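These figures come from a predicted structure and were not determined experimentally.
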Amino acid sequence: MGGLDLSTILVIAGLLVVAGGVTGILAGLFGVGGGAIVVPVLYEVFGLIHVPDTVRMPLAVGTSLAIIIPTSIQSARGHLRRGAVDVAILKSWIVPVLVGVVLGSVIARYAAPWVFKLVFIGVAGTNSVKLLFGRDSWRLGDSLPGGLVRKIMGFFVGLFSSLMGIGGGAISNLLFTLYGKPIRESVATSAGVGVLISIPGAIGYILAGWGKAGLPPLSLGFVSLLGFALMVPASVLTARFGVALAHSLPKRRLEVLFGLFLAFTCARFVWALIAP
């Protein structure tokens with residue numbers, strides 16, 4: 001970060017710590033890793049330290065996936081203790097999610113920045129509409145399909161999540177609610193999905209960015225060790241508060257909050273596309 005004065009460095013560090021705290025709350029509250037907050041914050045921070053546009057977005061996504069690892073584990077453990085996680089779904093998704101994440105990591109090495117943003121807008125926008133305006137009659141079925149169809153779903157959850165830098169909660173929550181799963185169980189199971197995605201996703205982005213020109217100091221491929229070090233402690237400390245909120249709020253309020261959260265982050269990326 002050569003050329004930056006002390007006050008700018010302190011502002012950047014403060015932003016990372018605050019974003020880490022928000023990430024932890026979101027991980028517990030919505031079953032997401034908080035990537036929808038982490039990615040845009042990191043994107044702006046990397047702009048402040050003059051990271052080239054060619055690597056700025058994948059660096060934000062890869063760092064987000066690394067940060068999501070401890071918050072997803074913390075959130076999943078909290079929901080598991082409350083008996084709300086559908087373990088059968090997680091077991092059936094292990095292999096297809098992993099395959100999707102690996103493919104997403106390969107794409108990340110060559111994709112233009114707009115690809116990451118467009119994927120986020122499509123998934124987050126659809127989910128937000130469903131949560132804010134959907135009715136109980138908006139169903140694809142009474143339970144999540146099994147067999148090959150379920151595995152294909154897991155593959156796309158892993159693929160899109162790795163391109164968005166999220167733990168999969170935005171996508172898996174959409175699927176679970178469309179197939180009649182209660183919102184709290186959807187949130188809890190999505191936290192487990194975040195564990196399946198974040199670990200291989202972070203490793204994949206390290207490899208995808210290995211040797212890329214323009215990466216800032218203290219980076220392992222597309223993962224910033226500085227961003228990880230500053231954001232993780234705060235996120236781990238606050239994840240428990242999000243879990244408690246998820247189990248205390250009324251069902252409809254939780255749906256509306258999650259929908260508004262996704263609408264806001266979706267709008268952020270629309271703006272990034274039209275006014276880069």
Side-chain angles (χ1 to χ4, degrees), residues 1-2 12-13 15-16 19-20 23 27 32-73 97-121 123-124 157-171 194-232 235 265 268-269 272-273 276:
M1 292 189 292
I12 291 173
L15 284 173
L16 291 173
T23 296
V32 302
I37 290 291
V38 176
V39 170
V41 169
L42 288 175
Y43 185 79
E44 300 302 333
V45 168
F46 293 150
L48 289 174
I49 60 175
H50 311 298
V51 174
D53 287 342
T54 52
V55 296
R56 184 175 165 192
M57 188 65 184
L59 181 64
V61 171
T63 306
S64 173
L65 287 168
I67 291 167
I68 285 168
I69 293 174
T71 59
S72 293
I73 292 174
V97 164
L98 178 60
V99 173
V101 170
V102 170
L103 178 59
S105 300
V106 173
I107 293 173
R109 183 169 179 86
Y110 306 101
W114 64 265
V115 173
F116 302 92
K117 298 169 186 174
L118 197 61
V119 169
F120 187 96
I121 291 167
V123 174
V157 168
L159 173 62
F160 291 141
S161 298
S162 66
L163 291 174
M164 295 166 65
I166 65 173
I171 306 174
V195 178
L196 298 181
I197 290 170
S198 58
I199 297 175
I203 294 172
Y205 270 74
I206 289 173
L207 297 176
W210 201 266
K212 281 281 188 177
L215 292 172
L218 298 177
S219 294
L220 279 180
F222 286 139
V223 173
S224 166
L225 297 181
L226 179 62
F228 180 87
L230 289 175
M231 295 182 76
V232 165
S235 64
T265 51
R268 168 65 182 86
F269 278 94
L273 274 178

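None of T54, L42, V223, L215 except one satisfies the side chain to side chain contact (heavy atoms under 4.5 Å, CB included) rule with L59; the exception is L215.
Here F228 pairs with nothing under the ring-ring contact (aromatic ring centres under 6.0 Å, His included) rule; sequence neighbours left out. Under the rule for a side chain to side chain contact (heavy atoms under 4.5 Å, CB included), the partners of L98 that lie at least two apart in sequence or sit in another chain are V102, P200. For A112, the side chain to side chain contact (heavy atoms under 4.5 Å, CB included) test picks out W114, with sequence neighbours left out. Residues passing the side chain to side chain contact (heavy atoms under 4.5 Å, CB included) test with I73 are I69, R77, V195, sequence neighbours excluded.
G100 approaches S162 most closely through the heavy-atom pair O-OG, 4.0 Å. Annotation for G214 and P52: closest pair O-CD, 3.1 Å, computed over non-hydrogen atoms. Contact between I49 and P216 at its shortest, heavy atoms only, is CD1-CB, 4.3 Å. Among all heavy-atom pairs drawn from M57 and Y43, the shortest one is SD-CD1, 3.7 Å.
Residue pairs satisfying the salt bridge (charged side-chain N to carboxylate O under 4.0 Å, His left out) criterion with at least one member in residues 52-67, sequence neighbours excluded, are listed as follows: E44-R56, D53-R56. Pairs of residues two or more places apart, or lying in two chains, never qualify as salt bridge (charged side-chain N to carboxylate O under 4.0 Å, His left out) while including a residue from residues 210-228.
Atom CD1 of I107 is separated from atom CG of L163 by 5.5 Å, given to the nearest 0.5 angstrom. For the atom pair CG of L230 and CD1 of I67, the computed distance is 9.0 Å after rounding to the nearest 0.5 Å.
In terms of modelled atom types and a separation under 3.5 Å, the side chain of T63 and the main chain of S224 share a donor-acceptor contact. Between the side chain of S105 and the backbone N or O of V101 there is at least one donor-acceptor pair closer than 3.5 Å.
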Stepwise, does the side-chain contact (heavy atoms from CB on, under 4.5 Å) test hold for Y205 with V61?
CA-CA 8 Å; Y205 270 74; V61 171; 3.4 Å; yes

Step-by-step side-chain contact (heavy atoms from CB on, under 4.5 Å) determination, I197 to V157:
CA-CA 9 Å; I197 290 170; V157 168; 3.9 Å; yes

